[in-house]
Amino acid sequence: MNADSDINAAQNIVVHNNTIAGERANLLYLDGTENVAKSGSFRNNLFHRINTKSDVFSGETSLTGNWPARYKVGWSHNVAIAGSSNEPGYGPSSWLGELPSIGEVSHIASPWVDDRSHTGSNTGSGDYRPDALSDLPKVSPAQAPYGSDLVGNTLGDSGFIGAVLSSA
């Protein structure tokens, strides 16, 4: 979503309760030679890795900003399994100082029932429901935007972050 070389504006993007398995999600990059507005709300998502770019990423000295994406304004309670740039967490060496959002968790063990993505067995057709013993954080009913997950499971006190809340 507005990844490498995309110079289109992307404002008010809403991405809630999704699961992105296997590789990084390039989100709201400021790339190229033009300043363009980028912003969004990202809540309760389960990513393998999350990457964004701000003006400090490019060699273009005329670029300024992309601060809402870099500092994750409007983001909360997401999980990045491998951190931002395969680092164990966020910090100065993590994708040029990218910061976590409120309630964000990074660098946890793969939570899937059967990971056959690029980072698993790389054979495809995996089962990307969270394993019942996963270390994934839970979504409280108060922070969830919907009353059920992608497959219709009713949200209770034990729902995992992502598109599918439980393996039951």
Side-chain angles (χ1 to χ4, degrees), residues 1-87 89-92 94-108 111 117-118 128-130 136-155 159-166:
M1 186 177 317
N2 279 101
D4 289 331
S5 303
D6 190 327
I7 58 169
N8 296 299
Q11 291 281 60
N12 302 315
I13 304 298
V14 177
V15 180
H16 291 190
N17 292 75
N18 290 282
T19 297
I20 296 90
E23 198 46 76
R24 75 179 186 195
N26 293 345
L27 301 171
L28 304 175
Y29 276 28
L30 182 61
D31 209 4
T33 59
E34 299 177 36
N35 285 317
V36 291
K38 306 201 183 235
S39 66
S41 173
F42 294 78
R43 292 180 48 195
N44 304 327
N45 296 295
L46 174 53
F47 296 100
H48 179 72
R49 288 186 288 161
I50 307 168
N51 290 355
T52 61
K53 286 183 183 177
S54 68
D55 61 343
V56 299
F57 193 93
S58 178
E60 296 291 336
T61 58
S62 63
L63 295 178
T64 58
N66 205 30
W67 304 120
R70 181 175 183 199
Y71 291 104
K72 298 183 178 167
V73 174
W75 297 43
S76 71
H77 298 90
N78 296 294
V79 172
I81 294 169
S84 179
S85 187
N86 288 333
E87 299 290 332
Y90 291 100
S94 175
W95 215 246
L96 298 180
E98 188 174 27
L99 301 171
S101 66
I102 295 168
E104 188 167 319
V105 176
S106 65
H107 205 70
I108 65 168
S117 71
H118 175 71
Y128 298 101
R129 293 176 297 151
L136 280 175
K138 307 290 185 181
V139 177
S140 74
Q143 82 186 61
Y146 312 110
S148 65
D149 70 6
L150 184 67
V151 295
N153 294 321
T154 301
L155 179 62
F160 289 112
I161 281 177
V164 181
L165 301 171
S166 70

Undergrad: Report yes if some heavy atom in the side chain of S117 is under 4.5 Å from a heavy atom in the side chain of Y128; otherwise report no.
TA: yes
Undergrad: Do S39 and I13 have side-chain heavy atoms sitting under 4.5 Å apart?
TA: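 Side chain of S39 against side chain of I13, heavy atoms only: no contact under 4.5 Å found.
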Undergrad: Kindly indicate, with the supporting measurements, whether the criterion side chain to side chain contact (heavy atoms under 4.5 Å, CB included) is fulfilled by L46 and L136.
TA: CA-CA 9 Å; L46 174 53; L136 280 175; 3.6 Å; yes
Undergrad: Please report the closest heavy-atom contact between A10 and L28, naming both atoms and the distance.
TA: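 For A10 and L28, the tightest heavy-atom pair comes out as CB-CD2, 4.0 Å.
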Undergrad: Evaluate the side-chain proximity of W75 to V15: yes if any heavy-atom separation is below 4.5 Å, no if none is.
TA: no
Undergrad: List the residues meeting side chain to side chain donor-acceptor pair (under 3.5 Å) with S76, not counting sequence neighbours, and say none if there are none.
TA: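 Result, side chain to side chain donor-acceptor pair (under 3.5 Å) vs S76: none returned.
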Undergrad: What pair of heavy atoms forms the shortest contact from H48 to A21, and how long is it?
TA: CB-C, 4.5 Å
Undergrad: If the condition is ring pair (Phe, Tyr, Trp, His ring centres under 6.0 Å), which residues does F47 pass it with, not counting sequence neighbours?
TA: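 F47 satisfies ring pair (Phe, Tyr, Trp, His ring centres under 6.0 Å) with no other residue.
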Undergrad: Please find the pair of heavy atoms, one from V79 and one from P137, that lie closest to each other, and give the distance.
TA: CG2-CD, 3.6 Å
Undergrad: Looking at residues at least two apart in the chain, or sitting in another chain, which of them share a side chain to side chain contact (heavy atoms under 4.5 Å, CB included) with Q143?
TA: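 If we apply the side chain to side chain contact (heavy atoms under 4.5 Å, CB included) test to Q143, skipping adjacent residues, the hits are R43, N44, H77, V139, S140.
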Undergrad: Applying side chain to side chain donor-acceptor pair (under 3.5 Å), can you list everything that pairs with N78, at least two apart in sequence or on another chain?
TA: N45
Undergrad: I'd like to check H16 versus S41 (side-chain heavy atoms, cut-off strictly below 4.5 Å). Are they in contact?
TA: yes
Undergrad: Does the structure place the NZ or CZ of K72 under 6.0 Å from the centre of the six-membered ring of F42, at an angle of no more than 45° from the ring's axis?
TA: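 Cation-pi check for K72 and F42: fails.
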Undergrad: With N8, which residues qualify under side chain to side chain donor-acceptor pair (under 3.5 Å), at least two apart?
TA: D6
Undergrad: Could you pull out all residues at least two apart from T19 that satisfy side chain to side chain donor-acceptor pair (under 3.5 Å)?
TA: none
